[in-house]
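Worksheet: one structure, shown below.
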There are 4 protein chains.
Amino acid sequence: MNCRKFLDITADYPVIFFDSYGVLRNHRGLIPGAVETIASLRAAGKHIRVLTNNAARNPKAAADRLAYHGLPGIPASEIITSGATTRHFLEQKVKSGKVAYLGTPASADYIIGAGLEAVPVAEVDFNHLDDIRAVAFLDDEGYDMNTDVNLVINLLRRCRVPVVVANTDLLYPVAANEVALATGSIARLAEYVLGRKFVKFGKPTSQMFQMGLDSVALEFSAVSPGDILMVGDTLHTDILGGNTFGVATALVLSGNTRADTAEIEIEASGIIPDYICSSIGS
Amino acid sequence: MNCRKFLDITADYPVIFFDSYGVLRNHRGLIPGAVETIASLRAAGKHIRVLTNNAARNPKAAADRLAYHGLPGIPASEIITSGATTRHFLEQKVKSGKVAYLGTPASADYIIGAGLEAVPVAEVDFNHLDDIRAVAFLDDEGYDMNTDVNLVINLLRRCRVPVVVANTDLLYPVAANEVALATGSIARLAEYVLGRKFVKFGKPTSQMFQMGLDSVALEFSAVSPGDILMVGDTLHTDILGGNTFGVATALVLSGNTRADTAEIEIEASGIIPDYICSSIGS
Amino acid sequence: MNCRKFLDITADYPVIFFDSYGVLRNHRGLIPGAVETIASLRAAGKHIRVLTNNAARNPKAAADRLAYHGLPGIPASEIITSGATTRHFLEQKVKSGKVAYLGTPASADYIIGAGLEAVPVAEVDFNHLDDIRAVAFLDDEGYDMNTDVNLVINLLRRCRVPVVVANTDLLYPVAANEVALATGSIARLAEYVLGRKFVKFGKPTSQMFQMGLDSVALEFSAVSPGDILMVGDTLHTDILGGNTFGVATALVLSGNTRADTAEIEIEASGIIPDYICSSIGS
Amino acid sequence: MNCRKFLDITADYPVIFFDSYGVLRNHRGLIPGAVETIASLRAAGKHIRVLTNNAARNPKAAADRLAYHGLPGIPASEIITSGATTRHFLEQKVKSGKVAYLGTPASADYIIGAGLEAVPVAEVDFNHLDDIRAVAFLDDEGYDMNTDVNLVINLLRRCRVPVVVANTDLLYPVAANEVALATGSIARLAEYVLGRKFVKFGKPTSQMFQMGLDSVALEFSAVSPGDILMVGDTLHTDILGGNTFGVATALVLSGNTRADTAEIEIEASGIIPDYICSSIGS
């Protein structure tokens, strides 16, 4: 495997998209050298965006969290969350009424922000389902899996409404060698037992990349996919999504994909990054 | 749809296999006419077995439950549970050691009955995983989904041991129009996020049918699949399994498959029963 | 099912996207009333685009074909093919070299148009695979399935290159009650046996919708998804894709989805159009 | 990886089941030492059966082929083909009429042997489909993929009859580094585009193992799964099937599974053989 120095590969790209967890920070904290790398990119006039599969918090809270972990230089306006693409969909397609959701109270901001009423699945009145206009899988926390997954399945058996999934990630790391089920897993389970297809957001779907591109276009109007380098740690989201959208892709080995199995995973999946780097700090 | 009188279609078959829930009883209680039908079959000298996708209780408890619901005439020796096929597998393939499981304490009897030590997933010592020799998905109750599904996924990321699923059912009915996730759903979720294949028991796999056939052979030595009629309410388990094993199949409309959608479900799935009846009592 | 008059539902939308086959024409020829409907929309100042999952011919040939079938008023500049989104990807991601393809010679124009060399899979030199930079599934015609599907599978077992699928349709209608395998089926088969993920174009992926939006923006700069009505005959491509991209969707019953099963298919799939019409002419 | 000497691991098992291709012979010819190994097992009084996913030829032809390749000592009576389990199903479930098939004329013997009339899919009269009682996917040769795969899909869209697949293998090796699509792939494609489930035979399904057990029981009446060692080169068929049926399993590295990737494939799939050997001759 031919690892490249990260800053070298950024030379040809005026726009850099970063995944957050596994790229800017991981379970050990901030990636060593991340602050210096971001500073170098700023100095070189690069446009930076963070594309994160996360609907648990809004861009402001995500920026605060990066600052808390030692990376203060990413403002909320540069952070694209999968929650934001979900909110955009709800605005366009569900004009009024209630949206039943699985997630934390904070994640419900994406429903409220779309001008709709957010109702936790546990509080849905099964005798009055007519005002439920959509169902949203937002986050893996904020509800009781013992009862609420059954509730959402029974709700969906009775309601013919759009279902949105704010994040298709299956697992997320919680410690060095420990993972937890992410929202995408619970949504996938519901799809499977119901035989239905939900509307999905988050990488690898193109909406995140389009929203990132649109955001950059406000300050760099001639931007096209060929100007962008997507930097991620996960083949099936960051790299597949970037490849499909037509941007260049760099895999870093500081998160989900380990150095000792990266080649095999690339070979097995057929998802091929344009570049491979140890981390954004090396 | 051409519904047949149930007793008429049994005429050609000396052996009748019944599914339990949805066939002998459902959420309203015993199927009307079930007692008389079983009595008629006994009087005609038929060999009867109940094949149930259930590892939550042993055959004795299953027989007691049928008696409690008003059908006393089915002894434990005529009941084949998917738990029993799972126990048989554990006996053959995992000779000694501990088996970590998701399920009720009663379901663990199938592990203990195989001469092995049963450990709930929540009590597994992650610092001493070497003595875990298998993992079993037994029942959908008896554990906390919020924590224990993550535990079993992390356990399986570290342990290269056989994984058995005692029941591949995805959902089970809990009221007239209400379902709950069954063990098969949780196992399917774990398979999906891990990219692995578990060893599965319960209909539609052939082991249940073979165990039923072997059991009948003790009293009717010349029995062959052509002698058997499988009666079930679910296309993907009872009817698919029976068709694959080569026995005749009768779909009853007193459980999972509703009269108004049966034709469409058969058409869509390609799983074709030999006969269709309203219920075993009509 | 509440069918609406087609022109009525267009009132709120300044932009109308049409699928082609099954919407503008079908196996019986032009949809009755199509010419008048398009004329009315033009008179009302609507922006029209045709989004077609087709890489067999270029937009000019697609326009000629519509004219031949009696609908002369759609210029090539208003036709977005999945071949065009594929060409865009090849331009962005595969800068030079050879692309091996399955498809007709005409479909190869999308490779050549990206500045690359197109090589039919049957003519690939297996002793010199280094200059193959991508593999493309373009069309279901133009090759011998007996030999060339095996060739592409063996090619992909040896080459670690991007693979693009110009059209994810599984089947297409060839007569009243007769279908044929489309490119998407052959690509899906290859993905399945190889355990790999290809990069896919055509509805329901968002690129087609984005390319349509970008094209309209050249003449109507303030356009947003909320201005657009997608009209299609297929739930899994036109309606799912439109719903995901955030545009309004209208299902017509003149193609893949039949009036007598539309309700059940919508219920079963969970893919819910905003409107249902018999056809664009009624 | 701890490879064992093959004859050593057979000591505890009075019955040995072998896969054929990849185990007894491969693309280079007979496995070195195969003749001596079979002779040693015979001398030790072992019961031997060959379980092969093959419906292209009958057991007699399969025995002749092994003899031609230098292994004359396996009589037809010791060979269980997936064609034989398919014939058994057709006998039990389809008592009379025509069976449309994809396969060679020789593969049709399994239909004719069940007392039914075999009709190649290309010769089916679409104006008289009522006498078609089943459809069978038998072999990957004997038909034109360009036309006959479409024919079988259109046939199945109109006929509500059982569909059997004689062999679920996806690929088979034709040279050192070259594969071809097997019947299972074509059947899987048809299932996928039609949304249906077919009845499948061949390893890993249990019927092959049961037919092998039944055959051994004629000469060794007390045989149970615990007496049997299944020897195979493919994790998803030989080893998964053996593990599920409850027999011991040995993976050999002379066929589909290569020595340098065996550990990773076992880890990734979760399909764990009891033993690993280089080949049956070492």
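Residue numbers begin at 1 in each chain, while the letters A, B, ... track the order of the sequences. The figures here come from the full heavy-atom set of this structure, side chains too, leaving out hydrogens, waters and symmetry mates. As the structure is a computational prediction, the values presented were derived from the model and not from experiment.
- Note that NE2 of D:His88 and CZ of B:Phe245 are 8.5 Å apart. Values are rounded to the nearest 0.5 Å.
- Summarising the geometry of B:Gly246 relative to D:Gln92, their closest heavy-atom pair is O-CB, 3.3 Å, with the distance given to 0.1 Å.
- Taking all atoms of both residues into account, the shortest heavy-atom contact from B:Lys93 to D:Ala248 is NZ-CA, 3.9 Å.
- Comparing B:Leu90, B:Val247, B:Ile271 by heavy-atom pairs within less than 4.5 Å of chain D, the highest count is held by B:Val247.
- You'll find the side chain of B:Ser206 reaches within 4.5 Å of the side chain of D:Gln207, heavy atoms only.
- With rounding to the nearest 0.5 Å, the separation of NE2 in B:His236 from NZ in D:Lys197 is 6.0 Å.
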Original post:
Can D:Thr244 and B:Lys200 be said to form a side chain to side chain contact (heavy atoms under 4.5 Å, CB included), step by step?
Top reply: CA-CA 7 Å; D:Thr244 303; B:Lys200 286 162 197 156; over 6 Å; no

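- Among the candidates D:Asp274, D:Leu194, D:Val163, the residue making the largest number of heavy-atom pairs closer than 4.5 Å to chain B is D:Asp274.
- For D:Thr249, the parts lying under 4.5 angstrom from a heavy atom of chain B are both the backbone and the side chain.
- Neither the backbone nor the side chain of B:Val164 comes within contact range of chain D, judged by heavy atoms closer than 4.5 Å.
- More than 12 heavy atoms of other residues, nucleotides or ligands shown are found within 6.0 angstrom of CG on B:Asp8.
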